[in-house]
Amino acid sequence: MLFHLNGEKLKCLGFYEKLIHMLNMNFSKRVVIRTHNQTWKASPKNGVWRKPLSRENTEQGHATSIVRYDAGAHFSTHDHPYGEEILVLEGTFSDESGDYKAGTYLRNPQGYRHTPFSKEGCTLLVKLHQFKHTDNNRVCINTNDSSLWLQGQGNLKVLPLHEQSGASVALVKWPAGEHFKAHTHFGGEEIYVINGEFIDELGRYPAGSWIRSPHLSKHNPYVEENTLIYVKVGHL
Ligand SMILES: [Fe+2]
Ligand SMILES: [Fe+2]
């Protein structure tokens, strides 16, 4: 049937196909996903599974996902248009440049090609196609290195991971019972709860929760137990 369609109709079909696959791409909306309750979706490669959090299309463009490699799984060789940001959550993630244990933070810029795999299996937080075009540095940080952690406000401990053009990424450790001041998110805030439980006046977010709060959103967060979160601010 497609052979009889002209260029305009094909463009139109492409647009509707993209809409079908689009997920949580309205950055002015608050989104909360408890990823431990999501089911794994198969990727094009056997043994590589995903939980989509936001995406522009199935296999290209902006995407934020939890990704799992079964033991022995590998992915095809690929480039990274507008970059790839990875936080290794569990296991060991590998490519031809090395082996990256849980707690490793990676930024693979455009032009960096790799063929990733995992011998023992791993779980990752992955953000694709979200670098500024001027961001060309490869970054590899071992967040288990206690010398990298800084004293934050109150009793928070902070490990800055990246900063550019008003957007920044960090890990933040909250000791049990810590309360933070009420604040407004200029440029939005994205949080992934690595362990413990993050809480604010809008809800409770156990480990595995992903919370994306839009520009000018506000909250007054606290924790009751030791909690570790990934935080990205100023990018929405
Ligand atoms: Fe990659
Ligand atoms: Fe916040």
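Read the numbers this way: they start at 1 and go in the same order the structure lists the ligands and their atoms.
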Asker: Under 3.5 Å, is there a donor-acceptor pair linking the side chains of K132 and S165?
Answerer: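 Note: K132 and S165 side chains miss the donor-acceptor criterion.
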Asker: Donor-acceptor check, side chain of H78 to backbone of S76, threshold 3.5 angstrom: yes or no?
Answerer: yes
Asker: Restricting to N, O or S atoms, which atom of H114 is closest to the Fe ion (ligand 1)?
Answerer: NE2
Asker: Taking the side chain from E56 and the backbone from G61, do they hold a donor-acceptor pair closer than 3.5 Å?
Answerer: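 No, E56 side chain to G61 backbone: no donor-acceptor pair under 3.5 Å.
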Asker: Report the residues that fulfil salt bridge (Lys or Arg N to Asp or Glu O under 4.0 Å) with D95, sequence neighbours left out, ordered by chain and then residue number.
Answerer: none
Asker: Compute the angle centred on the Fe ion (ligand 1) spanning NE2 of H80 and OE2 of E84, and express it rounded to 10 degrees.
Answerer: 110°
Asker: So does D95 have any N/O/S atom less than 2.8 Å away from the Fe ion (ligand 1)?
Answerer: no
Asker: Closer than 4.0 angstrom, basic N to acidic O: yes or no for D70 and R68?
Answerer: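 So D70 pairs with R68 through a salt bridge.
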Asker: Provide the atom name of the closest N, O or S atom of H78 relative to the Fe ion (ligand 1).
Answerer: NE2
Asker: Round to 10° and report the angle made at the Fe ion (ligand 2) by OE2 of E189 and NE2 of H183.
Answerer: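 Output for this angle: 130°, rounded to tens.
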